There are 2 protein chains.
Amino acid sequence: MSAPTVTDLIAVKRDGGPLSDDDIKYLIAGYTDGSIPDYQMAAMTMAIYIRGLDADELSVWTDAMLHSGDVLDLSRMEGPTVDKHSTGGVGDKVSIPLAPIVAACGVNVPMMSGRGLGHTGGTLDKLETIPGFTTSFDATQFEAILADTGLVLAGQSERLVPADRKLYALRDTTATVSSIPLISSSIMSKKLAEDLDGLVLDVKVGSGAFMTESDDARRLAETMVGIGAAHDVTVSALITAMDQPLGRAVGNANEIAESLDVLAGGGPDDLVEITKTLAREMLRLAHVDETKVDDAITSGRAMEKLAEVISAQGGNPAVTEDRSLLPLPEQEIVIEATDDGFVTRCDARTIGVAAMRLGAGRRRKGDDIDPAVGIRVEAKLGDRISVGDPLAVVGVRNRSQFEEIEEALLSAWSVEEYAPEPRSLIVDRVGDEL
Amino acid sequence: MSAPTVTDLIAVKRDGGPLSDDDIKYLIAGYTDGSIPDYQMAAMTMAIYIRGLDADELSVWTDAMLHSGDVLDLSRMEGPTVDKHSTGGVGDKVSIPLAPIVAACGVNVPMMSGRGLGHTGGTLDKLETIPGFTTSFDATQFEAILADTGLVLAGQSERLVPADRKLYALRDTTATVSSIPLISSSIMSKKLAEDLDGLVLDVKVGSGAFMTESDDARRLAETMVGIGAAHDVTVSALITAMDQPLGRAVGNANEIAESLDVLAGGGPDDLVEITKTLAREMLRLAHVDETKVDDAITSGRAMEKLAEVISAQGGNPAVTEDRSLLPLPEQEIVIEATDDGFVTRCDARTIGVAAMRLGAGRRRKGDDIDPAVGIRVEAKLGDRISVGDPLAVVGVRNRSQFEEIEEALLSAWSVEEYAPEPRSLIVDRVGDEL
């Protein structure tokens, strides 16, 4: 018998059968080196989308992706190494205060982030609003910054998991993004390539998240925790609400300013709660006393850590004390409530799309973003408001930009007579008890 | 709302939803003109493979394919125009005697055929073993030959149904060939582009056919008859057995010789039965007296019609009287029975693959075929044989070629003590009563 062809392997998955370890390695290696063309991988990913991958297939698939390029070797690093990944949501700037807090507690945080596409912003885009701040490093530079500061806030290296870069671009145009095995292997291959001791996942659920149903979010969380276990990396996941924007700022520079508020001991309650909960979870995974979180903030050491990494990455650390160094919008326009009552809906997706249309996000890969524009949400779920109260303050380049999105943005809020049931921000946790 | 993107349409079919008429027209037009890339169509065809197309979608899909290029206009032709299409099988040379018989009865037969791939040979490859015979014409030449002789035996024009040419090549490498909606739209778009009054389908079922199960064959037949009805063309289908090779000759030049035997009033019973049954069905569709079939053969008019079309297509018509003008194998080697008893299995697929390995078929598109090599099956289902009787005579270039396939070829036969149940050659008919 001759070896199976790619067409044979597609037929196996098309009919719901399992792929062998060798099949999967051959597919990922061949797709990465270009010997398997896009159209064959497109047929395969559609078959996977509909038929799924079982736990064994998924572990091998993730491993093959992870080894499609360079893998970090942080074995010489002192102390534990833990990272966080969020599936993304509107106003989710958590990485920016979180990483310095955890690093200030003595845990290495080799954080690699992406750029935003669509209504969810990207951590890199936000960080790059800090004057001079750069995020593109080779492995040697990356490891040097991490060794010096215990922290690095970088973009994904081109040479790390190249299979995912190609596969994600393909999935994006072939309606095969929203598949739990394909999402989880994409995320976990990149995170496992960071040579971690532990990983905390923030799986968002709600209108502003990728997963709008909590059952799906839980399945995604469980799948990723399972992949971690198969790779001997302790992974836990928090499932957190993303019905309304996290914090008040939605944009880029304004989200940096709000992150600085958290490190200064202030900031919106929901953002503070999620940041501290994730920080404690990361410390537990690193076997570090979780009560250190509050002290890292109140002592100012977390803010100092941020200043330190900004310097190390070419940025101006004075931004931690002077927000006016961040880009500001030309104009701020208030959008006002037209009813009295309680806010029963403050829709994350609608607000995220409005921010994207202002220029804060990308419609297409490669689009430029506008660092200064954005939305500050003034009325959130459960707030009691009166006619004329501000719902949001919109930062724009000019008034006509505002007029284009005004009506759509206003539709994000519902105001009713009775207060809504309070909802938990942290919906659930998946992972071994620590 | 902006128009749906290709990715949106893939998502609809991925989730089992229906595509609208406009969606389908957009997909086929975009794929034909290259604005929709292979990888998006690959994801779409996999989604269609798994989710299917309903009758309305399929009719529109076929229509969009049919209009992706030129369509013949035979309205000026005198008399009815009827064609036959076979889904293909081992030793299936029926078109070659059938078309001249039907044309000799006054029905126009604008037969377009393909080249073989894999174990099923192609009518064009067989015809081109006739010295000088050409099969590539533009629409004007095609119509002129048809008008002169009532018959043309040609290859598919490049400009007829270009969508199918692209889509078939894509399906072939993405494991999406064996889908009833995709097969039936591929076949029917090409046949409907011939501007027919009627079409007879020969849907083969068995080990040597594309469809190995009779339920699948019946569904394919019913689907194609339904597409015909939606396009106001009378279509009927015969479902015929393809467990063993049809006739005795499997190859190329030897199949032409066997076709000449049929036109001369001889030939193997099974080949004669299928040829005459299909001829009568075509005459019924054309409202011509079906009893004319036997007379067309015995009078020699069918053989004359073949000589006429061979001349019109640049070939040497003397071949109809002198078979030695056809290419002959260098050597003939007999493969002998090793048991006494009845033949209970004479496997079409095994014999077809052996013939392909000799060079009579193609492993890959673009491979050359060897016109002279082939197999003559001497022992067929139900035959009583003794040790040393010939099972087959293998025509080869040299003995080592034979030795490579000998063992595999021998495995095509099973010989047992009791005769097998006789099986019907014509399994069923699908279509309106005429």
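By convention in this document, chain letters (A, B, ...) are assigned in the order of the sequence lines, proteins followed by strands, and residues within each chain are numbered from 1. Since the model is a prediction, treat every value here as computed from it, not as a measurement.
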Ionic contact status for R345(A) with D243(A), cut-off 4.0 Å: no
Any residue meeting side chain to side chain contact (heavy atoms under 4.5 Å, CB included) with D368(B), in chain and number order, not counting sequence neighbours: none
Exercise: identify the closest heavy-atom pair between A355(A) and I375(A): N-CD1, 3.8 Å
Part of residues 45-53 of chain A lying next to chain B, heavy-atom separation under 4.5 Å: M46(A), A47(A), Y49(A), I50(A), R51(A)
Expected output: side-chain E222(A) to main-chain R219(A) donor-acceptor under 3.5 Å: no
Distance-minimising heavy-atom pair for P4(B) and Y26(B): O-CE2, 4.5 Å
Salt bridge present between D215(A) and R218(A) (N-O < 4.0 angstrom): no
With E403(A) via salt bridge (Lys or Arg N to Asp or Glu O under 4.0 Å) - residues at least two apart: R399(A)
Heavy-atom contacts under 4.5 Å, residues 10-24 of chain A to chain B: I10(A), A11(A), R14(A), D15(A)
K166(A) to Y31(A) six-membered ring, cation-pi geometry met (6.0 Å, 45°): yes
Smallest separation among heavy atoms of T7(B) and T174(A), with atom names: CG2-N, 4.2 Å
Interface residue of largest heavy-atom contact number with chain A, from D38(B), L9(B), D8(B), T176(B), under 4.5 Å: D38(B)
Passing candidate, side-chain hydrogen bond (donor to acceptor under 3.5 Å, both in side chains) with D164(A), options S68(A), S185(A), S186(A): S186(A)
Which atoms of S178(A) approach chain B - backbone, side chain, both or neither, heavy atom under 4.5 Å: side chain
